[in-house]
2 protein chains.
Amino acid sequence: MESVPQKLPRLYQQVAEKLVTLIESGEYTIGMRLPAERDLAAMFKVSRPTIREAVIALELESYVEVRMGSGVYVIEHSKGKSRFSDKDVGPFELTEARALFEGEAAALAATMITEAELEELAETLDEMACENNVDTETHEAADKKFHMIIARATNNSAISSVIEELWDERESSELTHRMYEKVRNSGVKPSVEEHREVYEALKARDPQAARELMRAHLMRVIDSILEATEVEAVEAARHQVTKNRERFSKTRTIS
Amino acid sequence: MESVPQKLPRLYQQVAEKLVTLIESGEYTIGMRLPAERDLAAMFKVSRPTIREAVIALELESYVEVRMGSGVYVIEHSKGKSRFSDKDVGPFELTEARALFEGEAAALAATMITEAELEELAETLDEMACENNVDTETHEAADKKFHMIIARATNNSAISSVIEELWDERESSELTHRMYEKVRNSGVKPSVEEHREVYEALKARDPQAARELMRAHLMRVIDSILEATEVEAVEAARHQVTKNRERFSKTRTIS
DNA sequence: GTCTCAAAACTGGACAGGCCAATTATAATA
DNA sequence: TATTATAATTGGCCTGTCCAGTTTTGAGAC
């Protein structure tokens with residue numbers, strides 16, 4: 001038989017993967033207790049030591065928490081790889097950082113971007129404009145693609161890594177994710193227009209314009225978040241919003 | 001006995017920690033094979049399954065690699081937490097990213113820095129100037145402290161996290177670390193002067209000046225790295241250096 | 001009927017010993 | 001000397017067992 005996989009992973013890894021799949025598919029939800037090790041062993045047709053090894057693997061990747069004498073419980077998976085996981089970076093801070101960093105990245109990209117990359121950007125813009133009213137997921141994918149093309153156009157993997165990290169971060173924070181969702185729903189079309197302006201600046205190879213437009217774009221996102229916040233915020237939170245307005249107006253003026 | 005620790009960690013974790021200690025202490029160096037699982041079990045007075053669990057833990061943290069039928073081998077430990085670990089970010093890219101991002105951070109910090117933070121900066125400057133000719137470790141600590149005070153003065157944890165990440169990254173890359181070492185040895189005094197200029201700009205609350213001076217400081221670091229590279233580079237590498245010069249001259253002119 | 005608390009059932013923690021398969025070292029052979 | 005077959009080593013995995021916390025249960029007290 002040549003269909004036999006020549007190298008199969010270690011057993012505990014296979015089991016661990018299956019367990020992760022079950023957890024991420026919602027079979028076992030957060031807080032829920034997994035079946036006993038003995039039962040899991042029977043389910044997967046493996047021995048208990050193997051189950052233990054798989055559980056340890058999940059534990060080290062903080063998928064589960066094992067409580068002596070009680071069981072192993074699914075916990076919130078903080079992906080670990082996020083540097084902000086323990087810092088609770090809010091949507092404002094995150095977007096402000098993006099405004100500064102991506103602004104600089106756009107300026108640098110303007111001096112180095114290739115024709116091929118410009119072409120890619122144009123295509124992505126069409127995706128965004130065309131699939132405007134389709135599902136948000138597609139739009140978001142195109143959005144990320146646009147920003148990442150620019151980041152990579154800097155030819156600096158440190159820069160693109162940081163920008164991708166900041167982008168991904170918004171997914172891992174529940175609050176931030178909700179905020180961005182609200183912003184997306186409030187008005188996407190102006191966003192497409194803003195992206196196009198950035199594209200034009202890059203095409204013209206104008207660093208200053210690219211920086212300013214990218215920064216302006218993300219600053220508008222902050223504004224949108226502020227508005228969304230105001231809508232849903234209770235009266236008690238309002239003075240904080242005002243403080244934020246003051247605070248981010250400073251960012252805007254330091255250029 | 002009341003000296004009994006109320007909660008001792010799981011056995012495999014204790015074993016894993018001991019193994020990590022042994023590895024980091026140089027008892028087992030990179031490429032070396034660890035004793036057989038059976039021997040380790042005897043050494044630590046635990047059962048073999050426990051050893052296996054500990055080895056799996058080390059494996060998941062990429063301390064070791066286990067080769068079926070051969071043994072478990074110590075590999076280079078890439079701390080995993082670095083987002084760049086798999087991307088091989090060179091010293092030039094890293095420093096360019098720092099120049100852009102820390103420049104912006106300095107500009108933002110100039111608008112928000114407190115008197116207390118300025119005072120801290122002044123103290124750190126004294127440390128750097130005073131312990132100039134002492135061990136490099138102290139100097140480097142003061143250097144990082146200086147940059148991180150500014151990063152934190154932005155009052156934006158996303159920004160300070162990114163900057164700290166970039167700083168730490170230079171430790172994890174052997175090449176980058178060597179480069180920075182060379183730069184440190186070549187001339188520290190001008191570096192102190194450059195830091196002082198940044199400090200003055202922050203004290204004057206001048207965003208533009210703070211950005212320019214911080215950027216200039218890090219650009220000079222790139223120059224130093226280039227020089228260090230030239231000294232040790234073989235002839236074949238020289239054209240790459242020239243390309244780098246061209247490339248980073250662009251960064252300098254986009255402001 | 002309700003509450004208390006101890007016993008039993010359940011669950012993870014750890015161990016012993018064994019067999020198999022892949023690898024490596026060794027010795028026998030061409 | 002080079003090659004190949006054999007033996008020793010090593011990780012992979014299993015069965016079975018006992019122990020120590022945790023949870024549930026149920027009997028007895030009120």
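These numbers were taken from a predicted model, which means no experiment stands behind them. Proteins come first, then strands; the chains are lettered A, B, ... in the order of their sequence lines, and each starts at number 1.
- The pair Glu27(B)-Lys18(B) does not meet the salt-bridge criterion, since no charged nitrogen lies less than 4.0 angstrom from a carboxylate oxygen.
- If you take CZ of Arg38(A) and P of dC18(D), they are 13 Å apart, rounded to a whole angstrom.
- Minimum atom distance to the side chain of Leu11(B) is reached by dA14(C), of the listed dC13(D), dG13(C), dA14(C).
- Not counting sequence neighbours, the partners of Arg98(A) by the salt bridge (charged side-chain N to carboxylate O under 4.0 Å, His left out) test are Glu102(A).
- Mapping Gly71(B) and Ser70(A) onto DNA chain D by nearest heavy atom places Gly71(B) closer to the 5' end of the strand.
- Spacing between atom OH of Tyr73(A) and atom P of dT23(D) amounts to 6 Å, rounded to whole angstrom units.
- With hydrogens and angles left out, the side-chain atoms of Ser160(B) and Ser157(B) include no donor and acceptor closer than 3.5 Å.
- Atoms OH (Tyr12(A)) and P (dG12(D)) sit 9 Å apart, rounded to a whole Å.
- Sorted by residue number, the members of residues 42-58 of chain B with any non-hydrogen atom under 4.0 Å from DNA chain D read Arg48(B), Arg52(B).
- Relative orientation of the Phe101(B) and Phe101(A) rings is parallel, given thresholds of 30° and 60° on the angle between their planes.
- Distance CG (Leu34(A)) to C1' (dC10(C)): 16 Å, rounded to an integer number of Å.
- Atom CZ of Arg10(B) and atom P of dG21(D) are 15 Å apart (whole Å).
- The distance between atom CZ of Arg33(B) and atom C1' of dG11(D), rounded to the nearest whole Å, is 10 Å.
- Put simply, the side chain of Gln14(A) does not reach to within 4.5 Å of the side chain of Phe44(A), judged on heavy atoms.
- Note: CZ (Arg67(B)) to C1' (dT23(C)) measures 11 Å, nearest angstrom.
- Rounded to an integer number of Å, the gap from CG of Leu40(A) to C1' of dC14(D) is 17 Å.
- If you check the side chains of Thr114(B) and Glu117(B), you find a donor sitting under 3.5 Å from an acceptor.
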